[in-house]
Structure formats: structure tokens, C-alpha cells
Amino acid sequence: MGMPSGMQLLVIVLIVLILFGGKKIPELAKGIGSGIKNFKKAVKEDGEDEVASASNIDDKKTEVKKEENKKEEAKV
């Protein structure tokens, strides 16, 4: 099933205009655009959170290694 032809696209556009009216279509497009924007923002924030948590884990591992080194030095 390929792309619709020009006549099929015209019929689809006309049906959408009849169902929603000329005033509703810009509102729908605006809503879809803001939804996409919010989704991208959430994905970006989630990625930053993952990086921050990975950084915290690395910091904790470093602290544990330092404590182990101190204990070994104290034994010697």
C-alpha cells in the first residue's frame, strides 16, 4: 500500500474539513504541536536525570575506593 494519490488526498482533506470545520483545524494543529514539544522536553529531562544518577553512582564508587585505600594504609 503506497502513498495516496492527489485525488485521494483531496478527498481526505475535504472529509477532515467537513468533520472538524475550518476553525477547529488550527486549534488541533496547535494542540498537536504543543504535545510534541512537551514530549521532547520530557525526554530531554529524563536523559539529564539518567546522566546525573550515573554521575552520582560514579561518585559513590570513588568514595568507597578512597575509604578502602585508607583502611589498607591504616593496616600497614
Side-chain angles (χ1 to χ4, degrees):
M1 189 167 202
M3 293 288 295
S5 68
M7 189 62 165
Q8 292 171 335
L9 286 175
L10 182 63
V11 170
I12 292 170
V13 169
L14 288 174
I15 291 172
V16 169
L17 278 173
I18 291 170
L19 290 175
F20 296 108
K23 293 182 181 179
K24 278 286 193 184
I25 293 175
E27 292 175 14
L28 291 172
K30 183 178 178 183
I32 291 171
S34 65
I36 291 171
K37 182 179 178 181
N38 290 337
F39 177 76
K40 287 182 179 181
K41 181 179 176 184
V43 168
K44 183 178 179 184
E45 288 175 356
D46 189 39
E48 290 174 356
D49 290 344
E50 288 178 4
V51 169
S53 64
S55 176
N56 290 339
I57 291 171
D58 289 341
D59 291 342
K60 288 179 183 178
K61 287 180 181 178
T62 304
E63 289 176 17
V64 169
K65 287 181 181 180
K66 287 180 181 179
E67 289 177 12
E68 289 175 355
N69 288 340
K70 287 180 184 178
K71 288 179 183 178
E72 288 179 12
E73 290 176 1
K75 290 179 182 178
V76 176

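The analysis underlying the following values was restricted to heavy atoms, covering all of them including side chains, and did not include hydrogens, waters or symmetry mates. Bear in mind that the values here come from a model prediction, so they are computed numbers and not experimental data.
Residues Val11 and Leu9 do not share a hydrophobic cluster, clusters being chains of Ile/Leu/Val/Met/Phe/Trp/Tyr side chains in contact below 4.5 Å. There is a path of hydrophobic side-chain contacts, each under 4.5 Å, that joins Leu19 to Leu28. Transitive grouping of hydrophobic side chains (ILVMFWY, heavy atoms separated by less than 4.5 Å) brings Ile25 and Ile15 into a common cluster.
Residue Val43 shares its hydrophobic cluster (ILVMFWY side chains chained together at separations under 4.5 Å) with Phe39.
Rounded to the nearest 0.5 Å, atoms CG (Leu10) and CD (Gln8) are 11.0 Å apart.
Under the salt bridge (Lys or Arg N to Asp or Glu O under 4.0 Å) criterion, the residue pairs touching residues 5-26 are Lys24-Glu27, with sequence neighbours excluded.
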